[in-house]
Amino acid sequence: MGKTRKMRDLMGAIKDKASQSKAAILSKLSASAASAASSYPFSLHLTLLRATTHDPFTPPPQKHLANLLSFGNSSRATASAAVESLMDRLQTTHDSAVALKCLLAVHHVIKYGSFILQDQLAVYPAAGGRNYLNLSNFRDDSTPLAWELSSWVRWYAQYVENLLLTSRLLGFFLGSNSCTVDKEKEEDRVSALMNAELVRETESLVSLVEEICRRPELLDLDGNRLVMEILGLVGEDQICAMNETIVRVNEFDERLSCLSLCDSVELLSALKRSEECAGRLLAVPNVKSDLVNGFWRLIKETVVKAAKVKEEEGNGKLVVAMRRHSLSESARFGDRDIRPSDSVRFPSGRRVSFGY
């Protein structure tokens, strides 16, 4: 088994070196034969290869990820080519390490990319919807390590899809440095939402937190720097999701007496699902325990208040409705499918279609 692993690692390193050398030569030839602008496809290909090597233990160097993100600092055409190339590599690779690094690069676009690069990611591909990354059946059985990493590819792809869906509903890329939402403005926006919209956003945030809890067991991957890098980014998103949930739950606290029975059922279902995540979320370094404890305390208090208010108003009808609602929860994610008519307004004020 050890010899097989070493041979696979060696072959991966050789393949990376050969691919990068070829891309470097083509880039230089193109640059010398024409303008620098016309040579960017080769430069992009080389940058992408360097950021998504076959090494299953180490994450992409920050400088290569930064170089990849820099393609979103010029024209829309260049940003579109960068996203398309990244997605093509993700869809065509059969190597679990390469797939994970491609997904990590996509995550970096969401968190650190320029608006134009995020915009191109938002409208890719031209047609799609649920599971549009199409990695739910990804399998790499070349080695036991690759097989274990395959489960992380499937989960990470599902998580990134969920993150994009949640961002679509919120109107900004959750956890993005370039789309940082002012807390006061966000509270004003949330206070202006209709009850049904507020419930939908809360449910979407809870679904994202649930997806975090579905991550695979580490098993033999504890200490794997590539996996640890992924969990670090997801942990940052988790804190953002909790903060956004707090804003919405606080708003619900002001509206409990005016919620319809249907909205109450949806809200209570979402909050109870979030309670089930307690103890299963990521332990995020440098996060004060007051935030986490306060989050769960707020959720619990709101569940009690909402149940009490609606039980008094509905004469027990809420309990019956909750039971009926629980029977249809399996269709929950399907309601979040991306449709061609879906669109969202980002902080720039421009409405972006999410019609994949």
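- Taking each heavy atom of P60 and L104 in turn, the nearest pair found is CD-CD2, 3.3 Å.
- Heavy atoms only, all atoms of each residue included: L268 and A306 are closest at CD2-CB, 3.8 Å.
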Verdict with reasoning, M87 to V106, per side chain to side chain contact (heavy atoms under 4.5 Å, CB included)
CA-CA 8 Å; M87 291 299 193; V106 172; 4.2 Å; yes

Salt bridge (charged side-chain N to carboxylate O under 4.0 Å, His left out) between R189 and E186, worked out:
CA-CA 5 Å; R189 187 193 74 83; E186 175 65 358; 3.2 Å; yes

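- Residues C277 and W296 have side chains in contact (heavy-atom distance under 4.5 Å, counting atoms from C-beta outward).
- The cluster map of Ile, Leu, Val, Met, Phe, Trp and Tyr, joined by side-chain heavy atoms under 4.5 Å apart, puts V109 and L90 in the same cluster.
- For the atom pair L121 CG and I116 CD1, the distance stands at 13.0 Å (nearest 0.5 Å).
- Judged by distance alone, the side chain of R255 and the main-chain N or O of S191 form a donor-acceptor pair under 3.5 Å.
- Contact check for E203 versus R273: side-chain heavy atoms found under the 4.5 Å cut-off.
- Heavy-atom minimum distance, R50 versus P61: O-CD, 4.5 Å.
- Residue Y156 comes nearest to L103 through the heavy atom pair CD2-CB, 3.5 Å, listed as atom of the first residue, atom of the second, then distance.
- S269 places no side-chain N or O within 3.5 Å of a backbone atom of E266 that could act as its donor or acceptor partner.
- If you take CD on E84 and CZ on R89, they are separated by 15.5 Å, rounding to the nearest 0.5 Å.
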Show me, pair by pair, the donor-acceptor contacts under 3.5 angstrom made by side chains of residues 215-239, not counting sequence neighbours?
unit_1 : atom_1 : unit_2 : atom_2 : d
R215   : NH1    : I212   : O      : 3.0
R215   : NH1    : R280   : O      : 3.0
R215   : NH2    : R280   : O      : 3.2
N224   : OD1    : L226   : N      : 2.9
N224   : OD1    : V227   : N      : 3.1
N224   : ND2    : P56    : O      : 3.0
E236   : OE1    : K111   : NZ     : 3.2
D237   : OD1    : K111   : NZ     : 3.2
D237   : OD2    : H107   : NE2    : 2.6
D237   : OD2    : Y159   : OH     : 2.7
Q238   : OE1    : L282   : N      : 3.0
Q238   : NE2    : L282   : O      : 3.1

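- Put simply, the side chain of T202 gets close to the backbone of L198: a donor and an acceptor are under 3.5 Å apart.
- Panel note: side chain N250, backbone I246; a donor-acceptor pair is recorded below 3.5 Å.
- F71 and L65 sit in two unconnected hydrophobic clusters of ILVMFWY residues. Membership requires side-chain heavy atoms under 4.5 Å apart, directly or through other members.
- To the nearest 0.5 Å, the span separating CZ on R76 from CG on L117 amounts to 10.5 Å.
- Proximity of a side-chain donor or acceptor of S70 to a complementary backbone N or O of N67 within less than 3.5 Å is detected.
- Without hydrogens or angle criteria, S85 side chain to A82 main chain gives no donor-acceptor distance under 3.5 Å.
- Taking CZ of R214 as the start and CD of E210 as the end, the distance is 5.0 Å to the nearest 0.5 Å.
- Between the S167 side chain and the L163 main chain, a donor and an acceptor come within less than 3.5 Å of each other.
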Take D140 and S142 through the test side-chain hydrogen bond (donor to acceptor under 3.5 Å, both in side chains) and record every step on the way to the result.
CA-CA 6 Å; D140 179 1; S142 56; 2.8 Å; yes

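- Put simply, CG on L100 and SG on C102 are 9.5 Å apart, with the number rounded to the nearest 0.5 Å.
- Judged purely by atom type and a 3.5 angstrom limit, S204 has no side-chain atom pairing as donor or acceptor with the backbone of R200.
- Here the side chain of T47 pairs no donor or acceptor atom with the backbone of L68 at under 3.5 angstrom.
- With values rounded to the nearest 0.5 angstrom, K305 atom NZ is found 12.5 Å from L271 atom CG.
- For the side-chain hydrogen bond (donor to acceptor under 3.5 Å, both in side chains) test, no residue two or more places apart in sequence or in another chain qualifies with D88.
- Residues satisfying the ring pair (Phe, Tyr, Trp, His ring centres under 6.0 Å) criterion with H108, sequence neighbours excluded, are Y112.
- Counting heavy atoms from C-beta outward, S274 and T245 have side chains that stay 4.5 Å or more apart.
- Side chain of E161 to main chain of L133: a donor-acceptor pair is present (N/O by atom type, distance under 3.5 Å, no hydrogens or angles).
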How far apart are the C-alpha atoms of C240 and F173, what are their side-chain angles, what is the distance that settles it, and do they pass the side chain to side chain contact (heavy atoms under 4.5 Å, CB included) test?
CA-CA 11 Å; C240 291; F173 286 95; over 6 Å; no

Salt bridge (charged side-chain N to carboxylate O under 4.0 Å, His left out) for R248 and E244? Distances and angles first, verdict last.
CA-CA 7 Å; R248 286 152 183 80; E244 292 298 329; 2.8 Å; yes

Please lay out, stage by stage, how L174 and F172 fare under the test side chain to side chain contact (heavy atoms under 4.5 Å, CB included).
CA-CA 6 Å; L174 185 69; F172 58 90; 4.2 Å; yes

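- T53 places none of its side-chain heavy atoms less than 4.5 Å from the side chain of T58.
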